[in-house]
Protein chains: 2
Amino acid sequence: LPDIAWVNGRFSPLEQAYVSVQDRGFQFGDAVYEVLRAYDGRIFAVDRHVDRLRRSCRLIRLQAARIIECLSDLLAEALHRSEYTDAILYAQITRGVARRSHRIPAGLQPTCVLTVRSIEETYKLEQANGVTVIGLSDIRWARGEIKSTNLLASVLLKQRAAEEGAFEAVLFNGRDELTEGASTNVFIVTAGRLRTPALSERILAGVTRQVLLELAEKAGIPVSQETITCGEVVAADEMFLASTSIEVLPAVVMDGRPIGAGRPGPITRHLQQLYQRAVRNWPS
Amino acid sequence: LPDIAWVNGRFSPLEQAYVSVQDRGFQFGDAVYEVLRAYDGRIFAVDRHVDRLRRSCRLIRLQAARIIECLSDLLAEALHRSEYTDAILYAQITRGVARRSHRIPAGLQPTCVLTVRSIEETYKLEQANGVTVIGLSDIRWARGEIKSTNLLASVLLKQRAAEEGAFEAVLFNGRDELTEGASTNVFIVTAGRLRTPALSERILAGVTRQVLLELAEKAGIPVSQETITCGEVVAADEMFLASTSIEVLPAVVMDGRPIGAGRPGPITRHLQQLYQRAVRNWPS
């Protein structure tokens, strides 16, 4: 497969792309990233992803303005070179290569890694039938708004879910309030109202999340961004997960009990249709 | 400088050591590590570091038994090749190279990176005079017992301390209880008693921490591993930081106010001497 990478100015096959063992992305997770998706030869919502990456850099004080300015063009070029029309694109910016020390060294050149890969999983079956989730404690760090590569907590939570036969771990903070899935934003529907946790230091401003909120508002679906308790999740009429990779995925069972009727609900279905239309007609 | 690296069986100069951009250590921080120190040609407490790395691997379900069995010998060989007698050694084990996906793929070969570097900072001045620290909220994930490369929170906390002219950030949890420094364990002395937070999921079992507790007990200094409140830290007679790199470092000012007399205290001094003797006569 012609999966490719671009590392600091150089294209190569993905398997031949390397970074220094002294890269702070490798030794400290001192790095931020984006996952993007191309549909029919166009990268969906690329400007929003680039804006978020710029924000992540700012929040960790990583100066990478020059590369971020070119990122949209670079991603388009990478997609073009790969010859894929539908693909997963990945962009990671690290603080750069330096002698190991926690403190941030001055004058580093950031490392930028882009990859383009084929789409192996489309989640069509899961999108049609819905998936099972389990509720777990949110053990991640306090700055989930930063899309960093410090993902070990998410890996362990996702793995725990998989071992219990679930697709995703839905996370609750110490006050039993919904935060996110291990790698997704979570929505519920209560009495016809679409609800998702309000943005905060702990909640990632998901691109899919934001697009769905806008699509819902345009479609006249009432929307709330607010605190949602575990009890409200359990009692919801519908629940779904959202991310660039899985798009809109109904969650129909949590911890062995059905959510609502235990099958994808009407507002979830409606948003799936709106989202599929949006990704192919963007900007609409 | 003859700084060197060993990556999956191959020695090279440190600057020529690379890992794949698809390494899970780079994309997920799906990796654990150790920092060790050689004194006079011998690696201090290498068995304890190897044991802790084995435990970190177990806690994240990383199967690397074969490489960990050889690690002590490999580190000794790396030190020998570098021709340093005093050096910083670093060992990092990652889950390996795989197509990007949170869930842990089966059958991966772990990546093992070792490095040997000269000691640039010995902290002699700081050890003699003591350092300034600031108190900050502990924003790290809930599993500090795992020595993982998810270190962005520590980087940001350490940087914040540096920008306020402090050497280290001393961290407190949501109940205003002492946890750790951003990259150190923290001890205080109250009325002749040496105190440090008890081990838990959130507290790293520091090798220097454990050696100091043993040295204190042998020397007849009363020791407590327990919950320590912010108020108790502020009112302490002495305070110090401990790690492999900084050894025993007195903290004499926190948030602009002196700790105790505002200079290194007698129990801190005693432990500095015992530790310097221990690292040169290990196992004693």
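Naming: A, B, ... by sequence-line order, numbering from 1 per chain. Computed from a prediction, not measured in an experiment: that's the story for all the values here.
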* Do R99(A) and E120(B) have side chains that get closer than 4.5 Å, going by heavy atoms? -> yes
* **Backbone N/O of F26(B) and side chain of Q92(A): donor-acceptor pair under 3.5 Å** => yes
* To do: Please look at T94(A) and chain B and tell me whether the side chain, the backbone, both or neither of the residue comes under 4.5 angstrom of a heavy atom of that chain.
  => side chain
* **Note, R117(B) side chain near R100(A) side chain (heavy atom, < 4.5 Å)** => yes
* Asked: Does any heavy atom of chain B fall under 4.5 Å from the side chain of I60(A), the backbone, both, or neither of them?
  -> both
* Return yes when atom CD of Q63(B) has more than 12 non-hydrogen atoms of other residues, nucleotides or ligands closer than 6.0 Å, and no otherwise. => no
* Structure fact -> Applying a strict 4.5 Å limit to non-hydrogen atoms, the region of V97(A) in contact with chain B is neither
* To do: Select one option (side chain, backbone, both, neither) describing which atoms of Y33(B) are under 4.5 Å from chain A's heavy atoms.
  => side chain
* Asked: For E168(A), is it the side chain, the backbone, both, or neither that has a heavy atom closer than 4.5 Å to a heavy atom of chain B?
  -> neither
* Count the heavy atoms of every other residue, nucleotide or ligand shown that sit under 6.0 Å from CD of E164(B), and state whether that count exceeds 12. => yes
* To do: Tell me, out of V21(B), N150(B), D138(B), I104(B), who's got the most heavy-atom pairs with chain A below 4.5 Å.
  => N150(B)
* **Any side-chain heavy-atom pair of R61(B) and E163(A) under 4.5 Å** => yes
* Structure fact -> Of all heavy-atom pairs linking R103(A) and A162(B), the shortest is CD-CB, 3.5 Å
* To do: For the residue pair Q22(A) and Y18(B), establish whether any side-chain heavy-atom pair is separated by less than 4.5 Å.
  => no
* To do: Heavy atoms only, distances under 4.5 angstrom: which of V155(A), I88(A), I139(A), V19(A) has the most pairs with chain B? Name it, please.
  => V19(A)
* Asked: Is any side-chain heavy atom of D30(B) closer than 4.5 Å to a side-chain heavy atom of L151(A)?
  -> no
* Can you tell if the side chain of Q27(B) reaches within under 4.5 Å of the side chain of T149(A), non-hydrogen atoms only? -> no
* Count the heavy-atom pairs under 4.5 Å between each of A142(B), G29(B), A5(B), A17(B) and chain A, then report the option with the highest count. => A17(B)
* Structure fact -> Looking only at heavy atoms, the pair that brings L152(A) and S148(B) closest together is CD2-CB, 3.5 Å
